[in-house]
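A note on names: the letters A, B, ... follow the listed sequences, proteins ahead of strands, and every chain is numbered from 1.
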Amino acid sequence: MSSLERQVRMLLRAWPIPDRSERGDEIVGTTLDVLPVGQSRVPLALALNLVLGGLRARWRMRPPLWRWLYYRMGGRLPSRWHRWMFNDLNGPGWRRRMVQSQAIVALFSVALGFMALYGTMHPSSKFLHFMYPRYLVFLGVFVVGQTLMIGLRARKLRDRRLVQQVIGRSFPRNPLPPPPTLSQPSGPQASSTPNPSSY
Amino acid sequence: MREASFLTLAALADQKRHGYGIIGEVKRISGGRLTLGPGTLYGTLDRLSEQGLIEPAGTEVVEGRLRRYYGITASGLTAFRTEVAHRSETLRAATKRLHPRVRGALA
């Protein structure tokens, strides 16, 4: 690999991982074609163009904020976002992303509970003063505990989530029907299958 | 439709081209005013193929560099025709305003 190609591949890191694996070689090839012969460095304008293009591609690939939140809370994404979703659940760093995002969701929900507590009680309430430190401890234990649990069961959770995203639910609600029983072939079916005894 | 998308469709309207070919053709069509960078080009190609206006049409390797060809689809050709019609209408209207006296003489 020439030093020029190495520079281009470095710039290509701005692009989303699926793009890089599907068409990275193609983009590198076109960029090298564009450069004049004998060039030893990628010009600044071209480098900026590549990086900005990559950032735009990342942005286009991501679901909008509300869909992202819905997905993080356990919802399904439409197939338009499946490319992003597969990378999220299967690409490099999936375990870290899973733990991180779950910790954020846990913190978010605990904070909501905290705000509800504050909102419904008088500030001088004894109950509130009793609850406050205990609630903080609960918050800590909850978030750390959930993060640990997710980290330990990450692979299983990930697999289940992939199935849920693609098929719609993580396990059949009703047991699968028994396989159809094989009946004796009769009529035209029997004549179309070759008879092993005739060979 | 954006300028880059329109010119990319124009470049692909007559034949299949690879990325570098599209960049060269766009430059030629626009009279050298628009040079697509690879970052812009691949963003545009992504958007166009998402809309089903173009499709990949084979790859080849030249001097160790991968080239993927793109071709316009039937719906891409339709979209291109519509866009050309819109743009020429706009151009005609704009050109009329360039010569108000001539228009007055004709009226």
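- For the atom pair R65(B) CZ and E5(A) CD, the distance stands at 8.0 Å (nearest 0.5 Å).
- Dense packing is recorded around CD of E60(B), with more than 12 heavy atoms of other residues, nucleotides or ligands lying under 6.0 Å away.
- In this structure, Y70(A) is not a member of the same hydrophobic cluster as W68(A), with clusters built from ILVMFWY side-chain heavy atoms closer than 4.5 Å.
- When every heavy atom of P38(B) is checked against every heavy atom of L46(A), the shortest pair comes out as CD-CD1, 3.4 Å.
- A distance of 9.0 Å separates CG in L41(B) from CG in N49(A), rounded to the nearest 0.5 Å.
- Within the 4.5 Å cutoff, the side chain of T30(A) has heavy atoms near those of the Y42(B) side chain.
- In the hydrophobic clustering of ILVMFWY residues, with side-chain heavy atoms under 4.5 Å counting as a link, I29(B) and L34(B) come out together.
- No more than 12 heavy-atom neighbours from other residues, nucleotides or ligands sit within 6.0 angstrom of CZ on R13(A).
- With hydrophobic clusters built from ILVMFWY side chains whose heavy atoms lie under 4.5 angstrom apart, L107(A) does not share a cluster with V144(A).
- The contact between E50(B) and chain A is made entirely by side chain atoms (from C-beta outward), counting heavy-atom distances below 4.5 Å.
- Taking the side chain as every heavy atom from C-beta outward, V62(B) and D33(A) never approach each other to under 4.5 Å.
- Heavy-atom distances place no part of L52(A) under 4.5 Å from chain B, backbone and side chain included.
- Looking at R23(A) and D46(B), their side chains come closer than 4.5 Å, going by heavy atoms from C-beta outward.
- The number of heavy atoms from other shown groups lying within 6.0 Å of CZ (R60(A)) is above 12.
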